[in-house]
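Just below is one structure, and these are the notes that go with it.
Quick caveat: nothing in here was measured; it's all calculated off a predicted structure. Because only heavy atoms are used, hydrogens play no part in the values below, and waters and symmetry mates are left out as well, while side chains stay in.
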Amino acid sequence: MHNKLIYVGLSGGVDSAVSALLLKQQGYQVRGIHLRLWEPETEPGSEDVIKAARVAEQLQIPFEVMDWREKFRSEVVETYIQVLGRGQTPNPCIHCNQTIKWGALWEQVHASGADYLASGHYARLLAGQQGVELHKAINLAKDQSYFLAMLTRQTFRHMLLPLGGFAKPQVRAIAAEAGLEVASRKDSEDLCFLKGLDQEGFLRRYAPHLLQPGPILDGSGNLLGEHRGLPLYTIGQRKGICVAAEAPLYVMAKDLAANALRVGRADELAHSKILAGRPNWISGKAPDLGKIYQVKIRAAALPASASLQILASGDIIASLEKPLRDITAGQYLAVYDGDCCLGSAAIIEPR
RNA sequence: AGGGGCAUGGUGCAACGGCAGCACACCGGACUUUGAAUCCGUUGAUCCUGGUUCGAAUCCAAGUGCCCCUG
């Protein structure tokens, strides 16, 4: 009845399947598209492709598969490895959303006549006074707006997120009621391209040159042990240091020049300012500089109150009301006004 | 090769002659569409030999190893 053509990215999981189902029920003309993004040579036919195809079959919607493994490798995986090589902690899901899912994929389906591209992300797009706004999901525990915060309003205009108002159990119930076989499929975890490997195994295989052992030092420069390669550690990390001390040790910093890992106590991790790169403001305009907003420094972080200032360079500084730990270069500082996500910027360093 | 001290899981420390515990580390699980954090849990030890004792990590003796002081 709408006559609108919508493509839904079908991952093979329950979320995207229910997204397609809901849109179909709303009367849209729905087509499923699955991206093959990563399959190691040894992996036989991907289970995800089969599951996605089955979803489309059950929903009786057209379905196609795009083999974008090379594109994914050059756009997302290469960036991931490069950022690790710079001593930072990449967020490949954000990069994938920018370049693949809402970049190249949109262009592709748009060229095929699509009016919208939908996904199973848990976030909401609401009509605001100045246009579409990105809001957190109703179910805050599942909210994924952080991963979408580097996208532009231009993109949000043709994006549909049918699950933003649902809780996960509801989604599974809807899938079960519709008889979808993926209803009970477990949620995906970890990076999609790790596929059973842990990060160390992945890097040993695809970027072994990054795994150079080096010294673990405390704040005074004392040698405490040996690390297995700086990319395996991120700021605030506790596990994997393999050094027994009076109190737990955490990664404070990575010294690329010396290939050294600096560790310290939890209370030494706190900082009250964050320098982040030129931000992406979804509305196109910078927020109110005098106001207190909420910021998140990682997807699963609790929001923290902060005010913003904009430097001449265009970079921003967030001044936190209470110090935060684990402020990590390569991750993103997402800014919220209540439930509304104003935008995001790549974290450069704590101040 | 003078005197003193120490020896307990991987590391650092507890335990009156009476069930060997704690912290850190490791490993596992929960959580999680980034990396983490966090929470829960499991392994795992009395240097060696002999003696005293109903009973020894604990007391005694020798051995071995380490540390400190004095030549």
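Rounding to the nearest 0.5 angstrom, the gap separating the CG atom in A/Leu160 from the NZ atom in A/Lys4 is 10.5 Å.
Where pairing requires Watson-Crick or G-U contacts shorter than 3.5 Å, the helical stems of RNA chain B with at least three consecutive pairs are B:2-7 with B:64-69, B:10-13 with B:21-24, B:27-30 with B:38-41, B:49-51 with B:59-61.
When atom types are taken as modelled, the side chain of A/Ser220 and the backbone of A/Asn222 share no donor-acceptor pair closer than 3.5 angstrom. Remark: side-chain polar atoms of A/Gln294 are paired, donor with acceptor, to backbone N or O of A/Gly338 under 3.5 angstrom. Between the side chain of A/Asn259 and the backbone N or O of A/Pro213 there is at least one donor-acceptor pair closer than 3.5 Å. Of the possible donor and acceptor atoms, one in the side chain of A/Asn280 sits under 3.5 Å from a partner among the backbone N and O of A/Leu151.
The residue A/Lys101 sits apart from the nucleic acid: no heavy atom pair falls under 4.0 Å. Across all strands, A/His95 comes closer than 4.0 Å to no nucleic acid atom at all (heavy-atom distances). As judged by a 4.0 angstrom heavy-atom cut-off over every strand, A/Ser11 is placed among residues making no nucleic acid contact. Base engagement by A/Pro90 is indicated by at least one non-hydrogen atom pair under 4.0 Å involving a base atom.
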Could you give me the CA-CA distance, side-chain angles and deciding distance for A/Tyr206 and A/Trp38, then say whether ring pair (Phe, Tyr, Trp, His ring centres under 6.0 Å) is met? CA-CA 13 Å; A/Tyr206 296 100; A/Trp38 184 265; 5.3 Å; yes
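Side-chain atoms of A/Asp15 and A/Tyr122 form a donor-acceptor pair, as typed in the model, at a separation below 3.5 Å.
Annotation: A/Tyr116, atom OH; neighbour count of heavy atoms from other residues, nucleotides and ligands within 6.0 Å does not exceed 12. Counting non-hydrogen atoms of other residues, nucleotides and ligands closer than 6.0 Å to CZ of A/Arg86 gives a total above 12.
The separation between A/Asp198 atom CG and B/U34 atom P is 15 Å, rounded to whole Å. With rounding to whole Å, A/Asn222 atom CG is found 20 Å from B/U11 atom P. To the nearest angstrom, P of B/G35 lies 15 Å from NZ of A/Lys296. Rounded to whole Å, the distance from CG on A/Asn91 to C1' on B/A36 is 12 Å. Look at CG on A/Asp143: it is 13 Å from C1' on B/U33, rounded to the nearest Å. At whole-Å resolution of the value, CG in A/Leu210 and C1' in B/G35 are 15 Å apart. With rounding to whole Å, A/His121 atom NE2 is found 12 Å from B/U34 atom C1'. Atom pair A/Ile94:CD1 and B/U34:P shows a separation of 11 Å (rounding to whole Å applied).
With both ends at atom C1', the span from B/C6 to B/U46 equals 14 Å, rounded to whole Å. Of the P atoms belonging to B/A62 and B/A20, the separation is 29 Å, rounded to the nearest Å. Annotation: B/G21 and B/A36 have their P atoms spaced 34 Å apart (nearest Å). Distance check on atom C1': B/C54 versus B/U49 gives 23 Å, rounded to whole Å. Spacing of C1' atoms, B/C31 relative to B/U38, comes out at 9 Å, to the nearest Å. Between the P atoms of B/A57 and B/G50, the separation comes to 15 Å (whole Å). Spacing of C1' atoms, B/G18 relative to B/C13, comes out at 23 Å, to the nearest Å. Distance noted for atom C1' between B/G5 and B/G9: 24 Å (whole Å).
Each of A/Gln237 and A/Ala141 lies near RNA chain B, and the nucleotide nearest A/Ala141 is the one positioned closer to the 5' end.
Hydrophobic clustering (ILVMFWY, side-chain heavy atoms < 4.5 Å, transitive): A/Tyr336 and A/Leu342 are in distinct clusters.
Distance from the side chain of A/Arg325 is smallest for B/A37 among the nucleotides B/A37, B/U34, B/U33.
Ring-plane geometry between A/Phe63 and A/His34 is classed as tilted, the angle between the planes lying from 30 to 60 degrees on a 0 to 90 degree scale.
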How does each nucleotide of nucleotides 21-27 of chain B score, in 5' to 3' order, for protein heavy atoms under 4.0 Å: base (B), sugar-phosphate only (S), or none (-)? --SBSSB
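The phosphate of B/U38 has OP1 or OP2 within less than 4.0 Å of a side-chain N or O from A/Tyr250.
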